[in-house]
Amino acid sequence: MDSDDTNKAMSSQDLNENRVGPGGRAAYRGHGQKGVVATALSVIGMKESDDMKLEDEINLSHLMKLMETFHEADENGSDGLDIDEFRNAFGEILGKGKNDQQMNIMFMKIDTNCDGTVDWDEFCTYMLLEYQEKDGMGCSDKEKPFSSQPCVVHCPHHDSSICWLQSTRRLCDGPLSDEQKVKDGRYVMVSKEGTACFWNREMVAQKSLTLDYPKPKKMWVTDCVALSNVNKLAIATTDNDICFYDLAAGLCEIQYHISALPNAIQCMDYWFDPLKPNRSILTFGGMGGNVGAFLFHRATMGLFAAKKQDHCLRIHFVEVLTGQRSDLCTAILVEKVHSDWSKKVKYCRALDSFISCSCDPQAALVLSHMYDSNDRTKFKISKGVNSFDYSEEWNSIVTGGIDRVIRIWSPHVVSKPTGVSSLSVCVCVCVVNFSPT
């Protein structure tokens with residue numbers, strides 16, 4: 001199947017909202033499981049021939065029986081059919097004597113996440129993608145998602161973390177619109193070996209340099225984040241530490257080194273109040289499933305020390321956690337939020353909480369209140385979450401993961417998402433781009 005049709009993929013929940021419209025096409029109304037089957041058949045537009053594919057032999061009765069078989073597997077807790085159960089189910093429903101090789105190929109096409117099982121959502125997505133492609137082959141005038149071809153930018157190093165550094169000159173004017181942010185700033189890419197590359201907004205490389213590291217061995221970077229209100233860069237490494245670099249005067253000098261964190265930091269996020277730049281929060285997620293934050297009270301005066309140091313100031317994490325530097329910064333650490341690595345973390349001002357995600361099915365997405373570690377809201381998703389984003393305008397959380405499903409959640413409802421959309425590929429990053437228009 002072509003990647004151009006990725007955005008057409010639909011789950012069974014989407015299909016429940018469909019019915020068959022004029023001309024055998026799907027119209028987006030109606031309810032019930034029979035609507036699921038009818039919509040799939042309307043898209044299929046079956047044709048009988050001597051050399052029909054296995055998919056073309058499926059009719060309405062077959063789909064109804066297959067749906068019951070998949071639902072029985074879900075009730076038994078198996079989360080789908082393995083390849084032997086898949087062959088047996090199709091053999092009983094479509095008739096004995098079917099080509100096992102053809103069924104094996106069909107199973108491998110449906111099982112795109114390679115977990116060894118196929119569920120009803122995956123089956124519906126495959127059927128719709130397979131035959132919507134055929135339905136659209138005669139349409140030459142397809143709407144292009146982008147007006148121009150993407151530009152490939154070559155980077156001097158690979159496997160990099162990237163962040164956007166907003167110009168401090170524009171931050172003095174208060175909150176900026178998205179258009180203003182793009183006009184005045186630059187991209188920063190940091191490789192795993194600690195090479196930083198700066199790019200302008202047209203993606204033209206400006207300079208590249210190697211970051212200093214206060215330890216004799218080489219660093220291995222896990223994530224980076226820009227502290228735009230103080231013109232600094234924070235780098236997390238596998239040595240359970242965070243380094244802060246001062247970018248003033250076009251330099252990149254190490255200023256602070258926070259060591260002895262409980263686990264290596266996997267992800268970071270930075271927030272500051274545009275109206276009160278002194279108030280800012282650096283959140284981080286560890287490889288042990290921990291979530292924490294540094295709360296800076298007078299960030300423009302100094303993150304951990306009021307006076308600028310001539311050398312790198314080394315600080316033990318326990319010093320900040322126990323309040324020994326509470327005049328400038330305090331730390332929060334919430335342990336065992338997830339039983340797996342934290343994949344992404346973010347501070348949400350509207351909810352006054354940290355949002356974090358992982359591949360832990362029992363705690364795929366967690367909202368932890370900033371000042372009450374016992375106040376947690378957990379969202380359970382069978383295959384976990386790779387990424388999420390929060391929209392303050394919609395008051396909604398968007399999640400995606402290896403199950404190839406985009407879900408929209410209300411922060412206060414954990415039982416089921418408010419919206420679902422299936423894709424044909426895994427989701428690595430979710431970003432909400434809100435526009436009033």
Going by atom types alone, do [X] and [Y] pair a side-chain donor with an acceptor below 3.5 Å?
{"X": "D239", "Y": "T237", "answer": "no"}
{"X": "Y371", "Y": "D352", "answer": "no"}
{"X": "Q324", "Y": "T322", "answer": "yes"}
{"X": "Y390", "Y": "N395", "answer": "yes"}

[X] side chain vs [Y] backbone, donor-acceptor pair below 3.5 Å:
{"X": "E72", "Y": "T69", "answer": "no"}
{"X": "Y126", "Y": "D111", "answer": "no"}
{"X": "T330", "Y": "S326", "answer": "no"}
{"X": "N278", "Y": "T300", "answer": "yes"}
{"X": "D340", "Y": "S358", "answer": "no"}
{"X": "D223", "Y": "A236", "answer": "no"}
{"X": "T418", "Y": "I408", "answer": "yes"}

Are the side chains of [Y] and [X] in contact, using a 4.5 Å heavy-atom criterion?
{"X": "L227", "Y": "F244", "result": "yes"}
{"X": "H338", "Y": "S356", "result": "yes"}
{"X": "T283", "Y": "V291", "result": "no"}
{"X": "V221", "Y": "L211", "result": "no"}
{"X": "Y270", "Y": "S280", "result": "yes"}
{"X": "V427", "Y": "N386", "result": "no"}
{"X": "D121", "Y": "V405", "result": "no"}
{"X": "T195", "Y": "S208", "result": "yes"}

Checklist entry - With under 30° as parallel and over 60° as perpendicular, where do the rings of F86 and F107 fit, or are they tilted in between? => result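 Perpendicular.
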
Checklist entry - Between F284 and F294, how do the two ring planes meet: parallel, tilted or perpendicular, split at 30° and 60°? => result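 Judged by the thresholds at 30° and 60°, the geometry between F284 and F294 is tilted.
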
[atom2] on [Y] to [atom1] on [X], rounded to 0.5 Å:
{"X": "C243", "Y": "K215", "atom1": "SG", "atom2": "NZ", "answer": "8.0 Å"}
{"X": "K343", "Y": "S387", "atom1": "NZ", "atom2": "OG", "answer": "9.5 Å"}
{"X": "S342", "Y": "F354", "atom1": "OG", "atom2": "CZ", "answer": "12.5 Å"}
{"X": "M203", "Y": "Y187", "atom1": "CE", "atom2": "OH", "answer": "6.5 Å"}
{"X": "H412", "Y": "T377", "atom1": "NE2", "atom2": "OG1", "answer": "8.5 Å"}
{"X": "L81", "Y": "L66", "atom1": "CG", "atom2": "CG", "answer": "9.0 Å"}

Checklist entry - Is K217 atom NZ crowded by more than 12 heavy atoms from other residues, nucleotides or ligands, each under 6.0 Å away? => result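 Open.
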
Next on the checklist: If you count every heavy atom of other residues, nucleotides or ligands that lies below 6.0 Å from W271 atom CH2, does the total exceed 12?
Outcome noted: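 It does: W271 CH2 has more than 12 such atoms within range.
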
On a heavy-atom basis, which atom in [X] and which in [Y] lie closest, and how many Å separate them?
{"X": "N200", "Y": "Q206", "value": "CB-NE2, 3.5 Å"}
{"X": "V431", "Y": "V429", "value": "CG2-CG1, 3.9 Å"}
{"X": "G194", "Y": "M219", "value": "CA-SD, 3.6 Å"}
{"X": "E122", "Y": "R404", "value": "CG-NH2, 3.1 Å"}
{"X": "V320", "Y": "C329", "value": "CG1-SG, 3.8 Å"}
{"X": "T399", "Y": "C430", "value": "C-SG, 3.8 Å"}

Next on the checklist: Pair M268, T222 - check side chain to side chain contact (heavy atoms under 4.5 Å, CB included), show working.
Outcome noted: CA-CA 9 Å; M268 295 189 297; T222 56; over 6 Å; no

Next on the checklist: Would L233 and V190 count as a side chain to side chain contact (heavy atoms under 4.5 Å, CB included) here? Give the steps.
Outcome noted: CA-CA 10 Å; L233 184 68; V190 181; 4.2 Å; yes

Checklist entry - So is K346 actually on top of F388's ring, under 6.0 Å and inside 45° of the axis? => result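 Relative to the ring axis of F388, which defines the angle, K346 lies outside at least one limit.
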
Which atom pairs, one a donor and one an acceptor, fall under 3.5 Å between side chains of residues 251-264 and the rest of the protein, sequence neighbours left out?
from : atom 1 : to   : atom 2 : distance (Å)
Q255 : OE1    : K232 : NZ     : 3.4
H257 : NE2    : D241 : OD2    : 2.9
N263 : OD1    : N290 : ND2    : 2.6

Next on the checklist: Could you go through F317 and N240, starting from their C-alpha distance and side-chain angles, then the distance that decides it, and tell me whether this counts as side chain to side chain contact (heavy atoms under 4.5 Å, CB included)?
Outcome noted: CA-CA 10 Å; F317 176 68; N240 300 16; over 6 Å; no

Checklist entry - Going by the salt bridge (charged side-chain N to carboxylate O under 4.0 Å, His left out) test, which pairs reach into residues 260-282, not counting sequence neighbours? => result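 Qualifying pairs: none.
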
Item to check | Residue pair F304, F296: steps toward the ring pair (Phe, Tyr, Trp, His ring centres under 6.0 Å) verdict | outcome: CA-CA 8 Å; F304 301 98; F296 301 109; 5.5 Å; yes

Next on the checklist: Does D403 form a side chain to side chain contact (heavy atoms under 4.5 Å, CB included) with I381? I'd like the steps, not just the answer.
Outcome noted: CA-CA 10 Å; D403 58 356; I381 302 175; 4.1 Å; yes

